[in-house]
Structures are given as structure tokens and as C-alpha cells.
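First the structure, in the form of C-alpha cells, and then the observations on it.
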Amino acid sequence: MDNYELPDAMGHYGPYGGRFVAETLIPALDELNQAYQEAQADPEFRAELHSELRQFVGRPNPLYHAERISRRLGGAQIYLKREDLNHTGAHKINNAVGQALLARRMGKKRIIAETGAGQHGVATATVATRYGMECLVYMGEEDIQRQSSNVYRMRLLGAQVAAVSSGTRTLKDALNEALRDWVTHVDNTFYVIGTVAGPHPYPAMVRDFHRVIGDEARAQCLELTGRLPDVCVACVGGGSNAIGLFYPFINDRSVRLIGVEAGGLGLSTGQHAAPLTTGRPGVLHGNRTYLMEDEDGQILPTHSISAGLDYPGVGPEHAYLKDIGRAEYVAATDQEALQAFHELCRTEGIIPALESSHALAHAFAIAPGMRSDQTIIVNLSGRGDKDIHTVAALEGIHL
Amino acid sequence: MSRLSAMFAQLQQKNRAALIPFITAGDPSLTATVPLMHALVESGADAIELGMPFSDPMADGPSIQRASERALGRGVKLRMVLEWVREFRRSNRQTPVILMGYLNPLEAMGMATFAELAAEAGVDGVIIVDLTPDEGHEESALLKASGVDPIFLLAPTSGAARVRTVRELGSGFVYYVSLRGITGATQSDWPEVLQRVGELRRELALPVAIGFGIRDADTAARVAQGADAVVVGSALVEQLADCSNDQAAVQVVKNFIQALASAVQKPRSMQ
């Protein structure tokens, strides 16, 4: 694998990806694709994006050597890519800045987004304000209840939050509703999708805006350790932080890439959000990928302690990387993620997001079996402040 | 000649458009669907569009979303929908039946199996909302091979290249989405829609149906002047949602569809 170059012109990653949307959206996707290609080739756009990532987001963020926890585990050295230190507290802002700059370039004044945990909604609301655009965020009623502080954040930032009451009232339904809005207001509206799913060109575009994570991590690792990492670990819901970390390493065949899905209450219970681990290929939200669906092709409700991983699909590029064996996908349960959450809090003085805690859980599990001169990079995709109510409630504490 | 071609040929002689009502299979009850199909025909429907429920109907507005949710809640499965068509066909051999739905449940069954079973049951055409011609070559070939028409959508936003592709791949008729939006929304600019449909009828060698935004007899009458078929969905589905039993649902269909039918059945004044 020396020159991995996907997707193809139609947005396919092998059999995955593509465009499965209502006809009305096809011209909008063509327009978006062309605008994106032009922007990518425009040095001025790239310079502005770079400057925004430095000045507004706070990049580059550190690749932090978690020495205490590495010592305690007694195996590989664990390095944390500190996406939690970005403005708004997660990796989501990388993509939000990129797409908002593109929206501005295309002359779109209204931006819409879907959100699950609220991180992408907050990031989108933030950049909308930054660039003076109107912003409407769709969020499932159930997520609105469990992530009320992020709802308030979005409103503070001037965005409107629309409650979605259809289906399972979570992220997938928010995505449906945002697609419906886009079909209706396709002339003046830019849809900022928050993950590497959706119809082409979204999976490729969102990946490209997040590859800065892996590009930085790769250079930082070489600088700090003198060599490439042995393993990169990231949590996978839709898979944006994972693809951002993995992508620049795809041609480095010695580097194991491991995506960690939400194992929920355990894979055998069916109460989880692990389509790559347990699902099968199908079509949802504009692309072909692994899905959690029943035998009749109806999409199943998912469960995860972390709202950001609570999604029945996954980015099509992950589906492809799984099939060709370039990346491995495993699951960590709610319980394992919680344990890792507490461990990082107590050992390194960092409160991780529950999403990222899934990646930590797997890294902590494999590190002891590795040599102390080996390196694991974990994408610490977000900070855990948004999750303290969830964690406290589990301990019977009401904040 | 397929049932759809026969219907359009016959209506062309009468110089009028077809009325195609849409109902969601399994709503308002599991036992209602077949009686409703017959009631639609008795009330003046020329063909029937039957919705195959999906958990994530992203192109549908609230009325059809809720109908899908209710139907799935009652345990509707694709095989049941096909069985209802088969049952309808036992006493109705001429009215075309078109299934409308999303790709994933069809793929779960297997596209080849679905095409075969649909043909056997007496289905005449299939509209897959999230399958555009770019991705749908194989699927449309499988449907055609079974004798089922793959019916594609065109939108106000569709360009010339897209129209050419649909002319090559589609059959039966072409479904023109009359507005930028979802099912159940309202359209106000009918002159523009009818002008575009007039162009498409000349460019495509296929009849053109107009759907999305037709909610009453007046609008249906107007649209019927310029299209080969008029599809009415959300407005009917909304009324059916309120029915407490199958008899009430049949009565709703009779009242609503008879009014629409007499509006649509007037011969075209133009042309």
C-alpha cells in the first residue's frame, strides 16, 4: 500500500461510499464538490485555513507523553494527541472551520448542522458566529436532554437549536432532518456535516479537514521518539477523529491502526453502537457502509454511554479499511470506557471525553503486552467537561 | 404491453392525466391496506403507489414519516407488502401498482430476490427514493429483467445530462418532484412546474408524473392539465392517520379520492 488514493471520482471506497440521496440534492453535491476541489487547489484558501487553525483553534496542539500511565501499565509508551485542547474542546472544530470557510467562499449565508453529543453543533455554532452566518443545528430530543449544557452553549453562541422528535430522537434522526432542511433550502444553505459519513464529497472533505490531526501527530512522534508509532488508536462513531489520525499513516504499513467502537452494554446484548464489529453493509444517509440494521434492513436503535458514538453507521472509508485489513476495529464497553476515563483523570490530570475514553480503554488494554520502547498514539479527541453530569449521575451524584 | 403502458395509452386516448394516490403499506392498520387499494380504484384512482416503510425516510415530510413509523411499529415487513399486492391482484388485474421506498430494505432482501418477488406479486414499477441513476445501473437492470419498471425521479434542480441518463435507464414513467423539499410541503409556483414538465415530456420518451405538493382537488385539476399523472400522497396519508378503524379509512379514501378523480378526469383543455 504505497499510494492509497481514494475515493474515486464518484466517491467510492471500493464498494462503499457513493451518493444515495434524493435527486434534488445531486446538483448541490456537484456544486459542493467542485467548490471544494477549487478551494483545495487555491493557495489563498489553504493559507486562510491554516491561519484560522493557528489563531482561532489553537493548533498545533501537543502530542503529550503520558508517562505516569505508561509506567503504571508497564508496557508501550502512550502518547496523547491533545485535540481536547482545541478551541471548543474537541477535534470537531477542524472540520467546522474548513466547511464554514468553504460556505463563505460559495456565498452561502445560512448554515445547518446535525449534532449528537453537541460537540459538532457547538463547533458549527462557533464558526458561524465567527464568520457572521446564520446557524441552525438539528439535535435529537433525547440528546438534547442528556447534553443540555451543549444546547445552552450553542444558544449562547447565537445558534438556533431545533429539536428532532422523529425516529429514535438521536443523531441519526437529526441527520435525516438536516438532509430534509437542505433539500428544502438548497439554494442558500450550506450543510456542515460533522462526520466522515453522508454522500460524496462529505466523507473525503471531512477527512481532509481532519487530517491535520495525523499530519501533526506523525511529525511530532518522529520528533519526540525518532520513529513512527507502532499503533494509532482512536474511537469510532461516524469516525471523523479516527480517519483524521489514521489517514496520514495509511501508507506507513508498519503502523497498526485500531478503531474502537462503542461496545455499550456488551456486544452480545445488542445494546451498543458497533456497526463495523457486528453489522453488515447497507445504505444510510447517502452512502454505502457498515450499518446496524435488522434482518429487514431497518436501522436499529443504538446505545452508548457517549452520545458522540451513538450512531448506527460509520464513515465508508473505515468500512473499506476494515475490508482490506489496513485498519482493525474493536469495541470497548461503557464500563471499560468509564474505567479508562477515571484512570486518566487520576493519573494524568486530564478529563477525557467519554468518546475518547473508548480509545483510551483499548490502548490501556494492549499497552502492557507491548515493549517499553514501543509507542501508542491515542487520539484524545475531546475533553470530558461535557460528560461530568453523565459520570456523576452514574455515581448517584446530581450536580 | 405492461399495465403501466396500457394505462397511459388508454388515458392518452381520453386526453386526460392519471390519478395516482399514495398510501403507506400497513397504515392505518395491517388489515386496511388491501381494502384501501380496492377502495382507491373504485373511487377513481388509475394506479396506486404503495409506500414500503423505512426507519429513516430522509426525503419524506412528517406525515409520511409518522405513517412509516406506525407501520413499522405494527411489524410491517417487505414480504408483507408484496403479499398485499399479490392479494390485491387476485381480484384486480389491470390497475398498475407502484412501490415506493428506500434502498436499504430492498438490499437486505437482496435486489435480485426483490425484483423477482415483486414481479411475481404483480408489482408494475418501483421508485427507490435514494437511488439515483448514478448508483442504480445494476438495480434498474435487475428490475427490468423481471419485467418491473425502474422509475426514476427528476427534480427542478436536475440538469440536461441527468435527463439524458434517466431517458436511458428509466422505464414506465418519470416522477417529477415538483418542489425543492420533502413530501407534504406546499408548492406555489405551478406555472413554472408545468412549463418544465412540458419540456420534459418532449425530451423524455416517457410519461411524466408530478408529485410533491398536490394537496387538493383544485391543484390536482391544474396539474392534470400539464402532466401525464398526478400523485397525491401526504394529504391522503394525513387523513388516514386519524381513522379509528378500516371502515372509516375506506370512507376517507372514497370521499377524498372521488373529489380528486373528478378533478383529474376532465379532459385537457390545452395541447
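So you know, we letter chains A, B, ... as the sequences are listed, proteins then strands, and number each from 1.
Distance CG/B:Asp56 to OG/A:Ser166: 8.5 Å, rounded to 0.5 Å. For the atom pair B:Thr132 OG1 and A:Phe20 CZ, the distance stands at 7.5 Å (nearest 0.5 Å).
At most 12 heavy atoms of other shown residues, nucleotides or ligands fall within 6.0 angstrom of atom CD in A:Gln34. Under a cut-off of 6.0 angstrom, the local environment of CD in A:Gln145 is sparse, with at most 12 non-hydrogen atoms contributed by other residues, nucleotides or ligands. For CD of A:Gln160, the number of neighbouring non-hydrogen atoms (other residues, nucleotides, ligands) closer than 6.0 Å is 12 at most. Atom CD of B:Glu192 has 12 or fewer heavy atoms from other residues, nucleotides or ligands within 6.0 Å.
Here the closest non-hydrogen pair linking B:Thr157 and A:Thr24 is OG1-O, 3.0 Å. Across every non-hydrogen atom of B:Glu107 and A:Gly282, the tightest pair is OE1-CA, 4.4 Å. Heavy atoms only, all atoms of each residue included: B:Ser158 and A:Glu23 are closest at OG-OE2, 2.9 Å.
Looking at A:Thr168, neither its backbone nor its side chain comes within 4.5 Å of chain B, counting heavy atoms on both sides. The parts of A:Ile299 that come within reach of chain B are both its backbone and its side chain, each placing non-hydrogen atoms under 4.5 angstrom from that chain. The contact between B:Pro133 and chain A is made entirely by side chain atoms (from C-beta outward), counting heavy-atom distances below 4.5 Å. The contact between A:Leu291 and chain B is made entirely by side chain atoms (from C-beta outward), counting heavy-atom distances below 4.5 Å.
With B:Met58 as the fixed residue, the side chain to side chain contact (heavy atoms under 4.5 Å, CB included) test singles out one of A:Leu175, A:Val183, A:Asn176: A:Asn176.
Heavy-atom neighbours of chain A within the stretch residues 69-80 of chain B, taken at a separation under 4.5 angstrom, comprise B:Glu69, B:Leu72, B:Lys77.
Each of A:Leu25, A:Asp294, A:Asp187 has some count of heavy-atom pairs under 4.5 Å with chain B, and the biggest count is that of A:Asp187. Most heavy-atom pairs under 4.5 Å with chain B, from the set A:Lys172, A:His12, A:Arg180: that is A:Arg180.
No donor-acceptor pair under 3.5 Å is formed between the side chain of A:Glu295 and the backbone N or O of B:Met109.
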